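Everything below concerns the one structure shown next.
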Amino acid sequence: EQFYKDLPKVELHAHLNGSISSTTTEKLITKKPHLSDQHNMTVISRGQKRTLEECFEMFKIIHQLTVSDEDVFVVTKDVVKEFAADGVKYIELRSTPREEKSTGMTKKSYVSSVLEAIKQCKNEGVDIDVRFLLAIDRRNGPTIAMETVKLAEEFFRSSDGVVVGLDLSGNPAVGDGKNFIAPLQAGRNLGLKLALHLAEIPNQNEESEMLLSIPPDRIGHGTFLHPEVGGSQRLVDTVKKYRIPLELCFSSNVKSQTISSYDQHHFHYWYNLGHPCVVCTDDKGVFGTDLSLEYQITASTFNLSKTQIWDLSYQSINCIFAPESVKSDLKRRWNELKPGLF
Ligand code: 5GP
């Protein structure tokens with residue numbers, strides 16, 4: 001529906017390689033025809049589901065598409081433009097720096113390519129403010145994580161405010177979150193903000209307690225934090241005490257089956273507490289969605305009025321990692337756009 005497209009939006013949880021559209025995938029495939037058989041498996045269409053484990057297998061296939069600096073550049077540019085076309089005015093993209101010996105891509109050149117694409121979009125006048133988080137894949141362990149923090153530090157100093165923080169992601173069933181406390185704390189001490197995937201699958205209470213001890217600036221998913229789903233009141237109390245915003249992704253959670261149906265989504269629990277909730281896409285390519293659709297799903301599932309949806313989008317501005325001056329500018333922009341919507 002047009003209202004959701006026109007609604008100015010903030011996107012705070014989008015993995016670069018999970019956000020690649022089918023158009024861009026086709027573009028990349030023409031350069032890598034040997035991958036064409038696999039690529040049609042990397043989108044979960046309407047009504048289809050996978051397990052979360054299967055989703056992580058899909059990322060391995062997708063990563064074969066982005067193996068050079070040029071690929072990363074092309075993908076970033078397209079993804080940014082697609083979010084802008086969907087009415088997103090501010091986005092924090094995240095991505096795991098990767099090296100690829102065969103093309104000479106290094107982790108550093110990977111990040112440079114992302115930042116160069118962001119810069120070009122800006123120069124071209126694309127109407128969206130783009131920031132970037134370097135992602136730590138938990139599968140790679142704490143030593144690599146510390147290297148990522150070092151890399152983030154370099155770019156944090158040189159990127160004119162585009163690099164704002166770190167993300168902890170990757171298969172939650174692999175590794176132990178507490179091994180990442182030290183690198184994350186090091187990042188925090190440098191001034192980087194922290195967005196951590198937390199309690200994405202059941203039975204991670206101990207890990208969640210450890211990670212909340214930092215405590216993070218935002219939480220990805222947080223699906224199993226509350227007592228009704230095996231979490232605990234203590235976890236909820238900690239999240240409430242620090243008022244840590246939750247990044248919530250409806251299509252992702254339902255299609256990867258960590259949530260059984262939209263109406264069972266934990267948005268309900270936290271929204272009713274008046275806790276900051278940010279509607280996000282996670283992986284718009286993989287889950288075949290966009291942010292307007294996610295807002296529409298939120299509205300129809302929980303019977304929210306257009307005013308409530310507006311407020312939800314407006315409140316998300318408070319959860320961004322860019323400085324206060326950017327928040328005020330965005331709020332002004334939102335208020336300018338409001339009369340045209342109602
Ligand atoms: P990239 O970091 O390569 O740009 O984006 C893909 C990566 O993001 C995946 O390999 C994975 O580490 C992370 N990712 C994407 N979606 C999810 C998700 O739903 N949960 C978790 N924990 N990680 C994810």
Side-chain angles (χ1 to χ4, degrees), residues 10-19 66 69 71-81 83-84 88-99 105-124 126 128-138 140 142 144-170 180 182-197 214 216-220 245 247 278 280 282 316-327 329-330:
V10 162
E11 168 67 78
L12 299 182
H13 190 125
H15 300 270
L16 180 62
N17 280 281
S19 301
T66 50
D69 293 329
D71 295 337
V72 172
F73 175 82
V74 165
V75 160
T76 307
K77 254 188 119 170
D78 285 4
V79 166
V80 166
K81 287 182 181 180
F83 273 107
V88 176
K89 304 292 179 205
Y90 176 98
I91 182 168
E92 288 173 17
L93 276 176
R94 55 184 78 189
S95 193
T96 324
R98 225 171 343 113
E99 64 182 6
M105 179 171 79
T106 63
K107 290 183 181 181
K108 189 169 175 171
S109 71
Y110 183 104
V111 178
S112 295
S113 304
V114 170
L115 297 179
E116 183 55 33
I118 292 173
K119 198 163 147 191
Q120 272 207 19
C121 287
K122 193 177 174 187
N123 292 343
E124 287 174 23
V126 184
I128 186 169
D129 184 340
V130 188
R131 311 284 165 146
F132 186 61
L133 312 179
L134 276 75
I136 293 170
D137 184 341
R138 44 191 292 156
N140 297 331
I144 302 282
M146 196 57 98
E147 286 171 25
T148 307
V149 174
K150 293 258 158 61
L151 192 61
E153 180 184 12
E154 273 181 55
F155 284 103
F156 186 46
R157 293 183 199 288
S158 65
S159 70
D160 269 337
V162 175
V163 170
V164 286
L166 296 166
D167 148 82
L168 176 68
S169 55
F180 298 94
L184 291 168
Q185 188 66 57
R188 150 78 43 93
N189 294 344
L190 292 163
L192 291 158
K193 303 273 190 190
L194 304 178
L196 310 183
H197 284 64
I214 301 182
D217 300 284
R218 285 198 313 256
I219 291 171
E247 305 155 353
V278 186
C280 301
D282 205 4
S316 301
I317 298 171
N318 293 322
C319 308
I320 69 171
F321 287 167
E324 291 302 321
S325 58
V326 178
K327 292 183 190 172
D329 288 348
L330 290 173

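Predicted, not measured: the structure shown is a model, and the values here were computed from it. Side-chain atoms are counted along with the backbone in the values below, which use heavy atoms only and exclude waters and symmetry mates.
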Atom [atom1] in [X], atom [atom2] in [Y]: separation rounded to 0.5 Å?
X: Thr96; Y: Arg94; atom1: OG1; atom2: CZ; answer: 10.0 Å
X: Ser158; Y: Leu115; atom1: OG; atom2: CG; answer: 7.5 Å
X: Lys77; Y: Lys81; atom1: NZ; atom2: NZ; answer: 4.5 Å
X: Asp78; Y: Ser19; atom1: CG; atom2: OG; answer: 12.0 Å
X: Asp137; Y: Arg98; atom1: CG; atom2: CZ; answer: 10.5 Å
X: Asp129; Y: Cys121; atom1: CG; atom2: SG; answer: 12.0 Å

Are side-chain heavy atoms of [X] and [Y] found at a separation under 4.5 Å?
X: Lys107; Y: Ile144; answer: yes
X: Phe132; Y: Leu16; answer: no
X: Val130; Y: Phe83; answer: no
X: Val114; Y: Leu93; answer: no
X: Glu11; Y: His13; answer: yes
X: Arg131; Y: Ile320; answer: no
X: Leu133; Y: Phe321; answer: yes
X: Leu184; Y: Ile136; answer: yes

Other residues, nucleotides, ligands: >12 heavy atoms within 6.0 Å of Asn189 CG:
yes
Taking atom types as modelled, find out whether Thr66 and Tyr110 have a side-chain donor-acceptor pair closer than 3.5 angstrom.
no
Provide the closest heavy-atom pair for [X] versus [Y] in the form atom of the first, atom of the second, distance.
X: Ala84; Y: Val126; result: CB-CG1, 3.5 Å
X: Phe180; Y: Pro142; result: CE2-N, 3.7 Å
X: Pro97; Y: Leu134; result: CG-CD2, 4.0 Å
X: Ile214; Y: Arg188; result: O-NH1, 3.3 Å
X: Val278; Y: Cys319; result: CG2-SG, 3.8 Å
X: Leu166; Y: Gly187; result: CD1-CA, 3.9 Å

Sidechain-backbone polar pair: [X] side chain, [Y] backbone, donor-acceptor under 3.5 Å:
X: Arg138; Y: Leu168; result: no
X: Ser109; Y: Met105; result: no
X: Asp217; Y: Leu194; result: yes

Salt bridge or not between Glu154 and Lys150? Use side-chain N to carboxylate O under 4.0 Å.
no
Does a side-chain N-to-carboxylate-O contact under 4.0 Å join Lys193 and Glu92?
no
Does the salt bridge (charged side-chain N to carboxylate O under 4.0 Å, His left out) test come out yes or no for Glu324 and Lys327, once each step is laid out?
CA-CA 5 Å; Glu324 291 302 321; Lys327 292 183 190 172; 3.1 Å; yes
